[in-house]
Amino acid sequence: MRDELGSPIGRDRFRRPSIEVAPDMLGLVLVSGDRAGRIVEVEAYMGELDPGSHAYRGPTPRTATMFGPPGHLYVYFTYGMHWCANVVCDEDGRASAVLVRALAPLTGVEAMRADRPAARSDRDLCSGPAKLCQALGIDGSFDGVDVVSGSDGVMLLDDGWVPEAPPVVTTRIGLSAGVDAPWRWCVPGDPNVSRPSGRGGIIAR
DNA sequence: CGTTTGATGCTCT
DNA sequence: GAGCATCAAACGG
C-alpha cells in the first residue's frame, strides 16, 4: 500500500520551525489505513511565540504532544464536535506544529464518502481541517502517533508530485489572535482548498 | 451565489 | 463561565 503511494520521509524534515516545514508539506500524501489524500493547504503555528497557537501559554495536558519530538501527530478536539490534526515540528521541547487544513482525495474515496454523509460532492470530503479528519477516520486516539514510521497506520509519504506554481500565501483562518501572520499556504487553483483567500486576501503567490 | 446562526462539549481561567 | 485552529443548514438576494 505504501509503496504504491510514495516513499517514506526522514524525521529531519520536521526538525525545523513549522513556518519552514509548512510550505514544504504541500503535495505530500497523508495516509490513514486504506485512505489517502494529497496535502493542498496547511497552516503553521509557532508555539509559545505565537498568540494564535494552543501552546502560547505554555504546556498543558492537551498540548503535551506539541511539546514533544517532531514527526508525530498533535490531534485536538474543538467546538464540542470536531477533531483536527497537526504534524509536530522543531526539536523536542519546542511547540511548533503544522495544521493540515485540506487534502485532495486519492484513495479510499468510497470509505471517505461513507464517513462523511454530509458531503454533497467529493470536493466537500477533505476541504477543511475537521472534514479531513472525519474522512480519514482520525480522532483523539491518534494523538501522538508517529507519522514518520507509520507504525499506527498514519503516515506521510512523498511521491514526487510538486505544484506547478508557487504556493498561495494568506493569513490564517478562524483565529481571534495572531490574525496578521501570513502563515497559511495553499496549492494554487486546487478545488479542495477550504477557502481561496484569507482575511487580508492573498498576500503572495 | 453570499452571509448568518445553531450545534455541542472540552479546556483553561 | 468564556471561548474555541469548525461545519452544515438555513436563510436572503
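Small disclaimer: the values here were computed from a predicted structure and weren't measured. Side chains included, hydrogens not; waters and symmetry mates left out as well; all remaining heavy atoms used. Numbered from 1 within each chain, the chains take letters A, B, ... in sequence-line order.
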Margin query: Taking ring pair (Phe, Tyr, Trp, His ring centres under 6.0 Å) as the definition, give me every residue that meets it alongside A:Phe14, ordered by chain and number, with sequence neighbours left out.
Written below: none
Next item on the list: Would you please name every residue forming a ring pair (Phe, Tyr, Trp, His ring centres under 6.0 Å) with A:His82, sequence neighbours left out?
Entry: none
Note to self: Taking the basic N atoms (NZ, or NE/NH1/NH2) and the acidic carboxylate oxygens, is any pair closer than 4.0 Å for A:Asp190 and A:Arg38?
What the structure shows: no
Notebook entry, point to check: Should the ring pair A:His54 and A:Tyr76 be called parallel, tilted or perpendicular, given that the plane angle runs from 0 to 90° and is split at 30 and 60?
Noted result: perpendicular
Take atom [atom1] of [X] and atom [atom2] of [N], then tell me their distance rounded to the nearest Å.
| X | N | atom1 | atom2 | value |
| --- | --- | --- | --- | --- |
| A:Met46 | C:dA5 | CE | P | 18 Å |
| A:Tyr56 | C:dG3 | OH | P | 17 Å |
| A:Glu43 | C:dA5 | CD | P | 11 Å |
| A:Asp139 | B:dG9 | CG | P | 16 Å |
| A:Asn86 | C:dC4 | CG | C1' | 15 Å |

Notebook entry, point to check: Looking at A:Arg195, A:Arg101, A:Arg172, which one forms a salt bridge (Lys or Arg N to Asp or Glu O under 4.0 Å) with A:Glu43?
Noted result: A:Arg101
Notebook entry, point to check: Are side-chain heavy atoms of A:Trp161 and A:Val187 found at a separation under 4.5 Å?
Noted result: yes
Checklist line | Within-4.5 Å side-chain heavy-atom neighbours: A:Asp146 and A:Arg11 | finding: yes
Check: Can you name the closest pair of heavy atoms from A:Pro70 and A:Arg15 and give their distance?
Finding: CG-NH1, 4.1 Å
Donor-acceptor pairs under 3.5 angstrom involving side-chain atoms of residues 86-93 of chain A: please list them, not counting sequence neighbours.
from, atom 1, to, atom 2, distance (Å)
A:Asn86, OD1, A:Leu99, N, 3.4
A:Asn86, ND2, A:Tyr74, O, 3.4
A:Asp90, OD1, A:Arg94, NH1, 3.0

Margin query: For a stem of at least 3 consecutive Watson-Crick or G-U pairs with distances under 3.5 Å, i pairing with j, i+1 with j-1 and so on, which stems involve DNA chain C?
Written below: B:1-7 with C:6-12, B:9-12 with C:1-4
Notebook entry, point to check: How does protein reach along nucleotides 7-12 of chain C, written 5' to 3' as B (base within reach of a heavy atom under 4.0 Å), S (only sugar-phosphate), or - (no contact)?
Noted result: SS----
Check: Any side-chain N or O of A:Ser176 under 4.0 Å from OP1/OP2 of C:dG3?
Finding: no
Next item on the list: Please evaluate the base of C:dA5 for a donor-acceptor partner in the side chain of A:Tyr76 within a cut-off of under 3.5 Å?
Entry: yes
Next item on the list: Find out if a path of hydrophobic residues (ILVMFWY) with successive side-chain heavy-atom gaps under 4.5 Å connects A:Val154 to A:Val42.
Entry: yes
Pairs under 3.5 angstrom, nitrogen or oxygen only, protein versus nucleotides 10-13 of chain B, please.
from, atom 1, to, atom 2, distance (Å)
B:dC12, OP1, A:Thr60, OG1, 2.2

Check: B:dA7 base stacked by A:Tyr79? Criteria: ring centres under 5.5 Å, plane angle under 30°.
Finding: no
